[in-house]
Amino acid sequence: IRLLGSQQPHFPPSLMADSIRYKCIDGLKDVLETIDGTGSFNNTVQLVTTSVVSPVHTVERPLIIIHPTRESYPEPMYTGVLPRQLFCGLECWIEVAPGDNTAQKVSLWLADIERAINGDTSLGSNAIDTTLTSNETYSSEEALPAVGVLVEVEISYRTAFDDPDSNPI
């Protein structure tokens, strides 16, 4: 496995380990790591990371890479609490082989991801809610023999209006 940059992901100060934003991302990682092939799960995830993995074909799959992509700030609540929506792209790779029913494999992989997130939408009591908002299947010459699914997740959480690292839930 070759991780670009240092082995530990570098986050700006607002994503330090004690910030609620980072705890939500880490909670998402923990939830996705529950995909273990037992019970109602069809696959066993091999790696969930917030680091860039390149090239993807060198890593054992199934693989999920979490990319925080954007954040929105709805109207502040009158109580001094700021609601936030953090959007994360999940780059989810699954192994495929010639003759595989790719549509079925992707459907089962998406079901695993949805089951894992729905198992703890509070991400360890850090978020108000977590929802899957969209998905798109794609493939890449670099990643063969695998298919990727880009899943967008919306994490709703709150902070104090004057402290972006706080968790007033």
Side-chain angles (χ1 to χ4, degrees), residues 1 3 7-53 56 59-74 77 79 81-95 104-137 146-161 163-169:
I1 299 173
L3 300 176
Q7 290 296 328
Q8 294 297 319
H10 172 72
F11 293 103
S14 61
L15 282 179
M16 298 306 285
D18 60 344
S19 78
I20 185 59
R21 183 180 296 124
Y22 181 80
K23 287 178 182 176
C24 286
I25 294 167
D26 200 46
L28 179 59
K29 181 179 181 291
D30 290 346
V31 163
L32 293 168
E33 287 174 338
T34 65
I35 301 173
D36 62 2
T38 64
S40 61
F41 292 117
N42 302 290
N43 298 282
T44 300
V45 70
Q46 299 300 311
L47 176 66
V48 180
T49 184
T50 55
S51 299
V52 175
V53 176
V56 173
V59 180
E60 191 173 352
R61 293 170 291 261
L63 159 73
I64 301 174
I65 306 167
I66 301 170
H67 302 281
T69 57
R70 64 186 167 97
E71 191 164 16
S72 65
Y73 311 98
M77 300 174 81
T79 58
V81 173
L82 182 63
R84 299 170 180 257
Q85 278 81 41
L86 174 63
F87 293 87
C88 292
L90 306 179
E91 190 178 333
C92 309
W93 293 95
I94 187 85
E95 194 81 24
Q104 181 182 29
K105 285 192 95 165
V106 167
S107 293
L108 293 172
W109 183 218
L110 281 168
D112 285 347
I113 294 162
E114 188 171 346
R115 277 187 197 96
I117 291 173
N118 287 339
D120 181 8
T121 58
S122 74
L123 305 177
S125 300
N126 294 301
I128 298 166
D129 194 22
T130 305
T131 56
L132 281 71
T133 59
S134 67
N135 69 73
E136 178 180 347
T137 304
V147 172
V149 181
L150 183 59
V151 177
E152 185 180 63
V153 176
E154 178 183 344
I155 301 170
S156 299
Y157 70 103
R158 296 183 189 131
T159 64
F161 188 76
D163 183 1
D165 292 332
S166 66
N167 183 1
I169 291 181

**Q** Of all heavy-atom pairs between Ala116 and Phe41, which one has the smallest distance, and what is that distance?
**A** N-CE2, 3.8 Å

**Q** Going by heavy atoms in the side chains, are Arg70 and Glu152 under 4.5 Å from each other?
**A** yes

**Q** What are the two closest non-hydrogen atoms of Ala127 and Ile155, and how far apart are they?
**A** CB-CG2, 3.7 Å

**Q** If every non-hydrogen atom of Arg21 is compared with every non-hydrogen atom of Leu86, which pair is closest and at what distance?
**A** CG-CD2, 4.1 Å

**Q** Roughly how far apart are Ser134 OG and Leu132 CG, rounded to 0.5 Å?
**A** 8.5 Å

**Q** Which heavy atom of Gln46 sits nearest to which heavy atom of Thr44, and what is that distance?
**A** NE2-O, 3.1 Å

**Q** Taking the side chain as every heavy atom from C-beta outward, state whether Ile65 and Thr50 have any atom pair closer than 4.5 Å.
**A** no

**Q** Distance from Leu90 atom CG to Leu28 atom CG, nearest 0.5 Å?
**A** 5.5 Å

**Q** Quick one, Leu82 and Tyr73 - any side-chain contact, counting heavy atoms below 4.5 Å?
**A** yes

**Q** With distance as the sole test, does Arg115 use its side chain to make a donor-acceptor pair with the main-chain N or O of Ser40 at under 3.5 Å?
**A** yes

**Q** Are Thr131 and Val153 packed together at the side-chain level, in the sense that at least one heavy-atom pair is separated by less than 4.5 angstrom?
**A** no

**Q** Do you know which two heavy atoms are closest between Ala146 and Trp93, and how far apart they sit?
**A** CB-CE3, 4.0 Å

**Q** List the atom of Val151, the atom of Cys92, and the distance in Å for their closest heavy-atom pair.
**A** CG2-SG, 4.1 Å

**Q** Indicate yes or no for a side-chain donor-acceptor contact from Asn43 to the backbone of Val45 under 3.5 Å, with no hydrogens or angles considered.
**A** no

**Q** Nearest 0.5 Å, what's the CG-CD1 distance between Leu123 and Ile25?
**A** 10.0 Å

**Q** Check for a donor-acceptor pair, side chain of Asp112 on one end and backbone N or O of Asn42 on the other, with a separation under 3.5 Å.
**A** yes

**Q** At what distance, to the nearest 0.5 angstrom, does OH of Tyr22 lie from NZ of Lys29?
**A** 7.5 Å

**Q** Show the numbers, then the answer: is there a side-chain hydrogen bond (donor to acceptor under 3.5 Å, both in side chains) between Ser156 and Arg84?
**A** CA-CA 6 Å; Ser156 299; Arg84 299 170 180 257; over 6 Å; no

**Q** Between Thr121 and Asn118 (side chain of the first, backbone of the second, donor and acceptor by atom type, cut-off under 3.5 Å), is there such a pair?
**A** no

**Q** Flag the pair Phe87 / Ser72 as yes when at least one side-chain heavy-atom distance between them is below 4.5 Å, and no otherwise.
**A** yes

**Q** Find out whether Ile113 and Leu32 are in side-chain contact, i.e. whether some heavy atom of one side chain is under 4.5 Å from a heavy atom of the other.
**A** yes

**Q** So, taking the atom named CG in Asp26 and the one named CD1 in Ile20, what distance separates them when rounded to the nearest 0.5 Å?
**A** 11.0 Å

**Q** Is the shortest side-chain heavy-atom distance between Gln104 and Trp109 below 4.5 Å?
**A** no

**Q** Quick check for you: to the nearest 0.5 Å, what is the distance between Leu63 atom CG and Glu95 atom CD?
**A** 10.5 Å

**Q** Taking Thr133 for its side chain and Glu154 for its backbone only, find out whether a donor-acceptor pair lies under 3.5 Å.
**A** no

